[in-house]
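Presented below is the structure to which this report refers.
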Amino acid sequence: MRNKLSYIFVGLTLSASLLASCGQQKHKGGRTDTYSSGVISFASDESFSPIIEEEKQVFESIYTKATVNPIYTNELDAINMLLKEKVCLAITSRNFKDKELKNLQDRRFMPRAIKIAYDGLALIVNKENTDTCISVNDIKRILNGQARNWSDIYKGSKRGEILLVFDNKKSSAVHFAEDSILGGKPITNKNVAATNKTADVIEYVEHTPNAIGIIGSNWLNDKRDSTNLTFNKNIKIMSVSKVPKATPANSWKPYQYYIYNGNYPLIRTIYALLNDPINALPWGFANFIASPKGQMIILKSGLLPVQGNITIRNVNVTE
């Protein structure tokens with residue numbers, strides 16, 4: 001007998017818009033870039049690199065006189081580069097803090113934050129792991145050291161210690177864990193470690209049966225599947241619940257639809273933070289990401305766009 005699978009697709013309807021441009025001129029500090037031409041570097045949390053690379057490729061194919069060079073680093077260093085005027089654009093998972101805004105405004109800058117996407121912070125485990133439902137409360141217990149072994153969450157489990165791995169100790173994922181899950185408190189579990197980049201987290205989990213990796217959901221999708229319903233088959237994605245006792249019925253994976261309707265609890269907003277006094281190429285690229293073409297790239301990447309009219313369709317697939 002053939003099995004029927006019911007999937008929910010997230011669609012996006014966007015209206016057309018144009019990027020403005022201005023004439024080539026030399027500004028104070030030697031910059032010659034305009035809204036749609038020139039060469040600039042900008043900073044981004046490394047976890048967003050799959051999205052940024054796609055946005056960069058399309059932007060530069062349209063605006064052939066423009067080159068935007070990403071500097072992939074951790075979120076903290078990206079924002080510090082912006083505050084120190086080493087870059088005029090940073091892609092992060094948080095807005096400016098009040099003291100950061102005041103610092104820039106006191107120096108007569110006019111910083112701006114543009115929301116560009118929503119993503120889910122995903123928990124990944126080894127493909128042989130059968131314990132794949134977890135509550136936000138249990139994640140908190142792991143982070144603060146109250147739960148150190150798999151048996152502390154799943155009675156009878158013989159997987160031993162829980163090894164929790166982040167992409168970078170100063171990354172957006174660590175900031176979210178401390179700020180949104182632990183309520184502003186630091187991570188205290190000694191079995192929590194960090195690699196240098198997201199790809200290393202995935203590789204570590206692939207080879208470590210008792211590990212949990214925490215990464216941005218834009219790294220999960222199988223690029224061969226345009227529906228965004230297929231995740232990397234070398235790992236398993238944990239379903240996360242808002243209630244204390246996680247079950248398959250009350251836990252959700254970071255699909256676009258569950259980010260859209262709020263069922264998935266670990267949702268982040270991705271921002272383009274700008275501090276560009278001449279409103280040139282950093283503004284052009286940031287506004288392109290927020291434009292219809294840029295938001296369609298966000299949609300196809302598996303994340304949720306900020307702009308546009310979202311349409312939901314139920315689709316039955318026969319296998």
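These numbers come from the heavy atoms of this one structure, side chains and all, not from hydrogens, waters or symmetry mates. Please read these numbers as outputs of a predicted model, since none were measured by experiment.
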Task: Identified ring-ring contact (aromatic ring centres under 6.0 Å, His included) counterpart of Y258 within the set W252, Y264, Y118 - done: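 Looking at W252, Y264, Y118, the match for Y258 under the ring-ring contact (aromatic ring centres under 6.0 Å, His included) is W252.
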Open item on the list: For I62, give me all partners under side chain to side chain contact (heavy atoms under 4.5 Å, CB included), at least two apart in sequence or on another chain.
Closed with: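 With sequence neighbours excluded, I62 shows a side chain to side chain contact (heavy atoms under 4.5 Å, CB included) to V58, F288, K293, given in chain and number order.
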Task: Within-4.5 Å side-chain heavy-atom neighbours: I181 and L143 - done: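 Answer yes - side chains close enough.
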TODO: Go through the steps for E85 and R107 under the test salt bridge (charged side-chain N to carboxylate O under 4.0 Å, His left out), then give the verdict.
DONE: CA-CA 11 Å; E85 302 176 57; R107 290 149 55 194; 2.9 Å; yes
TODO: Check for a donor-acceptor pair, side chain of Q307 on one end and backbone N or O of S291 on the other, with a separation under 3.5 Å.
DONE: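 Not a single qualifying donor-acceptor pair exists.
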Open item on the list: For R148, is there any backbone N or O sitting under 3.5 Å from a side-chain donor or acceptor partner on D152?
Closed with: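 Flag set: sc D152 to bb R148 pair under 3.5 Å.
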Open item on the list: Does either side chain, that of N126 or that of N129, offer a donor lying less than 3.5 Å from an acceptor on the other one?
Closed with: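 Judged by distance alone, the side chains do not pair up.
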- [ ] Consider only side-chain N and O atoms of Y35 and N287, and report whether a donor and an acceptor are under 3.5 Å apart.
- [x]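 A donor-acceptor contact under 3.5 Å links the two side chains.
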Open item on the list: Test question: given the 4.5 Å side-chain rule for I, L, V, M, F, W and Y, name all other residues clustered with L76, or answer none.
Closed with: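 Via sub-4.5 Å side-chain contacts, L76 links to none.
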Task: Aromatic plane relationship, Y63 with F59 - under 30° parallel, 30 to 60° tilted, over 60° perpendicular - done: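 F59 and Y63: tilted rings.
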Task: Whether F42 and F285 hold their rings parallel, tilted or perpendicular, with breakpoints at 30° and 60° - done: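 Aromatic pair F42/F285 classed tilted.
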Open item on the list: Return the OG to CG distance between S47 and D167, rounded to the nearest 0.5 Å.
Closed with: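 Answer rounded to 0.5 Å: 5.5 Å.
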Task: Spacing of CG belonging to D131 relative to NZ belonging to K236, to within rounding of 0.5 Å - done: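 Rounded to the nearest 0.5 Å, the CG-NZ separation comes to 9.0 Å.
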